[in-house]
Participant: 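Structure in structure tokens, see below.
Each chain gets a letter, A, B and so on, in the order the sequences are listed, and its residues count up from 1.
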Amino acid sequence: MRYSNCFVPTLRDVPADAEVISHQLLLRAGYIRRVTSGVYDYLPLALRVLRRVEAVIREEMERAGAQELLMPMVQPTELWQKSERLAKYGPELLRFKDRHGHESCLGPTHEEVICDLMSRELRSYKQLPINLYQIQNKFRDEIRPRFGLMRGREFVMKDAYSFHVDDESLMAEYKNMFDAYTRIFTRLGLHFRAVEADTGSIGGSDSHEFHVLADSGEDLIAHCDSCDYAANVEKAIATRDMAAGSAAALGELATPKLTTAEEVAAFVGVEPGLLIKTLVYRVAGGEMDGQVIAACVRGDDQLQDVKLMHLLQADAIDMATDEEIENIGGITGFIGPVGLNAPVYLDSSLAKTGGMVAGSNKRDVHLIGLDVERDINQAHFADLRETRAGDRCSCGGKMALSRGIEVGQVFALGRRYTEPMEVLFQNQQGRREVATMGCYGIGVSRLMAAVVEQCHDQGGIAWPDILAPFKVVLISMGKSEAVRIASMDLYTQLQAAGIEVLWDERNERPGVKFKDAELIGIPVQIVIGDRGLKEGKAEFGRRGSERRELPLLELMSATISELAGNSGASL
RNA sequence: CGGGACGUAGCGCAGUCUGGUAGCGCACACGGCUGGGGGCCGUGUGGUCGGAGGUUCGAAUCCUCUCGUCCCGACCA
């Protein structure tokens, strides 16, 4: 491709509304443009990169035995009623009516559609197991799209769905997909980590997320420094040395205007870990819909609300209003687990503790000497605290926290969808059975952004060879006929060899060409100019390091061997 | 939706407080000088100042409403 024919609108300044580096660089380097909130144009360079990401994904999915298909982006809303997911997923579904008044939605994911298909076509156990996948645009009406491609409303996703006769077969495929994902992210040159995950709105039992490690990541993941344990903090379980209180009789203590855990602890003269922090939530969805409940963690812990949500089997939990708190007999700022007219859930670290300090549900008064077993009736215990750096893993190692960008997730769904969607088959005994199911997603467009987050420098994007939109940039320096002819010659040879080359034959100054080449991130640079040409030489080098002089005749072989070691299967 | 910031040329910004003919840099077009890391000189093109309404002799500037963008929270590939 000749640069002068290439649509690559690079920007010198960083657009003011781009916050994260991938967003900034993809805009500056002419890869993407915003159309509307969370919706982007993928310009030619971006599309070339996306196609490469997809190629790796396709290769590995096919190798893992999955088959590609393509489902529609428009889905009838009835399917979501049938799967009983409308209430939970509702707000993210972009719904609309057609001219007949029939309600449809834009597909945010395709469990419903694939189950509908399978329910029609699946007859016999002999058809199982099967794994079907697609690469397609999804639309989720996100509450807050942000960070460019990292959280768009429309985005490209690879989604795969597998169906099985039993859970043993499902778990084998789950493992198979886990391994395929590991190969994909490895081939893409990413620094990533697979972690145990909450199943979120998708549902099901087992789940792992794949995170690209980057400080700009939206997720927090906890991992052990001495064993393999790693989990999203929404799920991570760990322990730490908990302060133990000394047994004492239950008493009251005046604590005027002291409402935060730190203030109360300082006033009473105990460490914050001996406080019980009580939070009141209103449950939305599930069997407890509308109920107000209280949850307790230690004063120096944070409540992990996803854990609580899961425990309650709720779609959402919201902080209760002052009025709702009063209705259950509490006072904002002095809420405690004793005598509250609501279910109380305590973090397991509070089990069997004594000598604790907690709110009394009376203004300006806290309880001291509280013994959880003795003084709280009907307490439910569960893991509710958020893991912190330095906590202890069950293996004895220390937990550390890192930021991650979630680029993939695998789920063992079980019969969460196949049951309501009636995906049935006849088993060997001729009886009808519900199939069991897994689903596996990769955020393809997000992956492109995640790679940029991990692969960039001062000059711009530093694509790994396998993803670069062009492998080689050929920079012609100077306007002489000799330069033009030598460049043209090499350009033709590279193309003939199937190496994707961007020939910068623009009438621009050298600085501009170098800056653009580095900004858009082409791995190999070849410079042909009058200076070297006199001696029959040109410059050859990798983006970001020194170029060396090479005879013109050696450029082809140098390029081929430079790319051979790094670009995987294709040049 | 709650909290904050902001909308002035393709991009980055000044001007708004204190109302008085809409500016700067880059980009873009043309000419010239240049020619190995976003070069220099000159001449130009381009903006209903997000939109609507109001106050005023006069509004980018003041007031009201509205639309949009970005950041923090709930969501998630």
Participant: Report which part of the nucleic acid I143(A) touches: base, sugar-phosphate, or nothing (heavy-atom distance under 4.0 Å, all strands).
Facilitator: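 If one applies the 4.0 Å heavy-atom cut-off, I143(A) turns out to touch a base.
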Participant: Under 3.5 Å for both donor-acceptor distances, Watson-Crick or wobble: does rU18(B) have a partner, and if so which one?
Facilitator: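 Check on rU18(B): unpaired, no WC or wobble geometry under 3.5 Å.
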Participant: For R153(A) and for Q525(A), locate the closest nucleotide of RNA chain B by heavy-atom distance; then report the residue assigned to the nucleotide nearer the 5' terminus.
Facilitator: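 The residue whose closest nucleotide sits nearer the 5' end is Q525(A).
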Participant: According to the Watson-Crick and G-U wobble definitions, with both distances under 3.5 Å, which nucleotide is paired to rC30(B)?
Facilitator: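 In the structure as shown, rC30(B) has rG42(B) as its Watson-Crick or wobble partner.
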Participant: NA contact type, Y440(A), heavy-atom cut-off 4.0 Å: base, sugar-phosphate, or nothing?
Facilitator: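 The answer is nothing, as Y440(A) stays clear of every strand by at least 4.0 Å.
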Participant: Assign R547(A) to base, sugar-phosphate, or nothing according to its heavy-atom contacts below 4.0 angstrom with the strands shown.
Facilitator: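 Base contact.
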Participant: Which residue pairs pass the salt bridge (charged side-chain N to carboxylate O under 4.0 Å, His left out) test with at least one member in residues 145-160 of chain A, sequence neighbours excluded?
Facilitator: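 Every salt bridge (charged side-chain N to carboxylate O under 4.0 Å, His left out) pair that includes a residue of residues 145-160 of chain A, provided the two are not neighbours, is K138(A)-D159(A), D141(A)-R153(A), E142(A)-R151(A), R146(A)-E218(A), R151(A)-E218(A).
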Participant: Judged by each residue's nearest nucleotide on RNA chain B, which is more toward the 5′ side, P510(A) or E19(A)?
Facilitator: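 On the 5' side of the pair lies P510(A).
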Participant: Could you tell me how far apart H23(A) (NE2) and rC11(B) (P) are, to the nearest whole angstrom?
Facilitator: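 That distance rounds to 13 Å.
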Participant: Would you state whether a donor and an acceptor, one from the side chain of E539(A) and one from the base of rG36(B), lie under 3.5 Å apart?
Facilitator: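 Looking at the base of rG36(B), it does pair with a donor or acceptor on the side chain of E539(A) (distance under 3.5 Å).
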Participant: Counting the atoms with a prime plus P, OP1 and OP2 as sugar-phosphate, which does G529(A) contact under 4.0 Å by heavy atoms, base, sugar-phosphate, or nothing?
Facilitator: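 Since a base atom lies under 4.0 Å of G529(A), the category is base.
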Participant: Looking at the side chain of R531(A), which of rC11(B), rG36(B), rC75(B) is the nearest nucleotide?
Facilitator: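 Of rC11(B), rG36(B), rC75(B), rG36(B) is nearest to the side chain of R531(A).
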Participant: When we call it a touch if two heavy atoms are under 4.0 Å apart, what does S37(A) touch: a base, just sugar-phosphate, or nothing?
Facilitator: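 Result for S37(A) = sugar-phosphate.
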Participant: Please check if any side-chain donor atom of S22(A) sits under 3.5 Å from a side-chain acceptor atom of E453(A), or the reverse.
Facilitator: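 Side chains of S22(A) and E453(A): pair found under 3.5 Å.
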Participant: So, under a plain 3.5 Å distance rule, would you say the side chain of D530(A) forms a donor-acceptor pair with the base of rG35(B)?
Facilitator: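 There is none.
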Participant: Taking any strand in view, what nucleotide pairs with rC24(B) in a Watson-Crick or G-U wobble way, both distances under 3.5 Å?
Facilitator: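 Paired with rG12(B).
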Participant: Write down the distance between NE2 (H110(A)) and P (rA77(B)), rounded to a whole number of angstrom.
Facilitator: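 Rounded to the whole Å, the gap is 14 Å.
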Participant: Extract all donor-acceptor atom pairs below 3.5 Å that involve side chains of residues 5-14 of chain A and protein atoms in other chains or at least two apart in sequence.
Facilitator:
| residue | atom | partner | partner atom | Å |
| --- | --- | --- | --- | --- |
| T10(A) | OG1 | D516(A) | OD1 | 3.1 |

Participant: Under 4.0 Å, counting only non-hydrogen atoms across every strand here, what does V156(A) touch: a base, just sugar-phosphate, or nothing?
Facilitator: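 Nothing, no nucleic acid heavy atom in range.
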Participant: So which pairs with a foot in residues 31-51 of chain A pass salt bridge (charged side-chain N to carboxylate O under 4.0 Å, His left out), sequence neighbours left out?
Facilitator: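 Only R48(A)-E500(A), R51(A)-E54(A) qualify under salt bridge (charged side-chain N to carboxylate O under 4.0 Å, His left out).
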Participant: Taking atom C1' in both rU48(B) and rG31(B), compute the distance separating them and give it to the nearest angstrom.
Facilitator: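 Comparing C1' positions in rU48(B) and rG31(B) gives a spacing of 33 Å.
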Participant: Just by distance, do the side chain of T387(A) and the backbone of A236(A) share a donor-acceptor pair under 3.5 Å?
Facilitator: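 Side chain of T387(A) to backbone of A236(A), a donor-acceptor pair under 3.5 Å: yes, one is there.
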Participant: Give one of base, sugar-phosphate or nothing for M157(A), where a contact means two heavy atoms less than 4.0 Å apart.
Facilitator: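 Sugar-phosphate only.
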Participant: Less than 4.0 Å between a side-chain N and a carboxylate O, is that true for R187(A) and E59(A)?
Facilitator: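 Result for this pair is yes, salt bridge flagged.
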Participant: In chain order, what residues pass the side chain to side chain donor-acceptor pair (under 3.5 Å) check against R183(A), with sequence neighbours excluded?
Facilitator: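 Side chain to side chain donor-acceptor pair (under 3.5 Å) list for R183(A), sorted by chain: E60(A).
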Participant: Would you indicate what E518(A) reaches in the nucleic acid, counting non-hydrogen atoms under 4.0 angstrom: base, sugar-phosphate, or nothing?
Facilitator: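 Base contact - E518(A) has a heavy atom under 4.0 Å of at least one base atom.
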Participant: Is the base of rA77(B) stacked against the aromatic ring of F155(A), taking ring centres under 5.5 Å apart and planes under 30° as the test?
Facilitator: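 Check passed, F155(A) stacks on base of rA77(B).
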Participant: Counting any heavy atom closer than 4.0 Å, what does G148(A) reach on the DNA or RNA strands: base, sugar-phosphate only, or nothing?
Facilitator: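 Here G148(A) touches no strand at all.
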Participant: Could you pull out all residues at least two apart from D530(A) that satisfy side chain to side chain donor-acceptor pair (under 3.5 Å)?
Facilitator: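 Testing D530(A) for side chain to side chain donor-acceptor pair (under 3.5 Å), a comparison that skips the adjacent residues, returns S480(A).
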Participant: If the cut-off is 4.0 Å, is R34(A) near the phosphate of rU69(B), judged by side-chain N/O to OP1 or OP2?
Facilitator: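 For rU69(B), OP1 or OP2 has a side-chain N or O of R34(A) closer than 4.0 Å.
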Participant: Taking any heavy-atom pair under 4.0 Å as a contact, classify N507(A): base, sugar-phosphate, or nothing.
Facilitator: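 Base: the residue N507(A), judged by heavy atoms under 4.0 Å, touches a nucleobase.
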Participant: What does D516(A) touch in the nucleic acid at a heavy-atom separation under 4.0 angstrom: a base, only the sugar-phosphate, or nothing?
Facilitator: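 Base contact.
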Participant: Could you tell me which nucleotide pairs with rU61(B) by Watson-Crick or G-U wobble geometry, both distances under 3.5 Å, or answer none if nothing does?
Facilitator: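 By the stated definition (distances under 3.5 Å), nothing pairs with rU61(B).
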Participant: Does any nucleotide pair with rC6(B) by Watson-Crick or G-U wobble geometry, both distances under 3.5 Å, and what is it?
Facilitator: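 Paired with rC6(B), as far as the under-3.5 Å criterion goes, is rG68(B).
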Participant: With a 3.5 Å cut-off and heavy atoms only, can you find an N or O donor on one side and an acceptor on the other between the side chain of R151(A) and the base of rC75(B)?
Facilitator: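 Yes, a donor-acceptor pair under 3.5 Å.
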Participant: With a 6.0 Å cut-off on the ring centroids, do Y440(A) and F178(A) count as close?
Facilitator: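 No, they do not, as the ring centres are separated by 6.0 Å or more.
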Participant: Indicate, yes or no, whether a donor-acceptor pair under 3.5 Å links the base of rG2(B) to the side chain of D318(A).
Facilitator: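 Between rG2(B) and D318(A), which were checked side chain against base, a qualifying N/O pair under 3.5 Å is absent.
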Participant: For each nucleotide in nucleotides 39-44 of chain B, reading 5' to 3', give B when a protein heavy atom comes within less than 4.0 Å of its base, S when such contact involves only the sugar-phosphate, and - otherwise.
Facilitator: B-----
Participant: Tell which nucleotide pairs with rC1(B), taking only Watson-Crick or G-U wobble pairs whose two distances are both under 3.5 angstrom.
Facilitator: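 Matched rC1(B) with rG73(B) under the 3.5 Å cut-off.
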Participant: Between rC70(B) and R144(A), is there an OP1 or OP2 to side-chain N/O distance shorter than 4.0 Å?
Facilitator: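 For R144(A), the contact criterion (side-chain N or O under 4.0 Å from OP1 or OP2 of rC70(B)) is not met.
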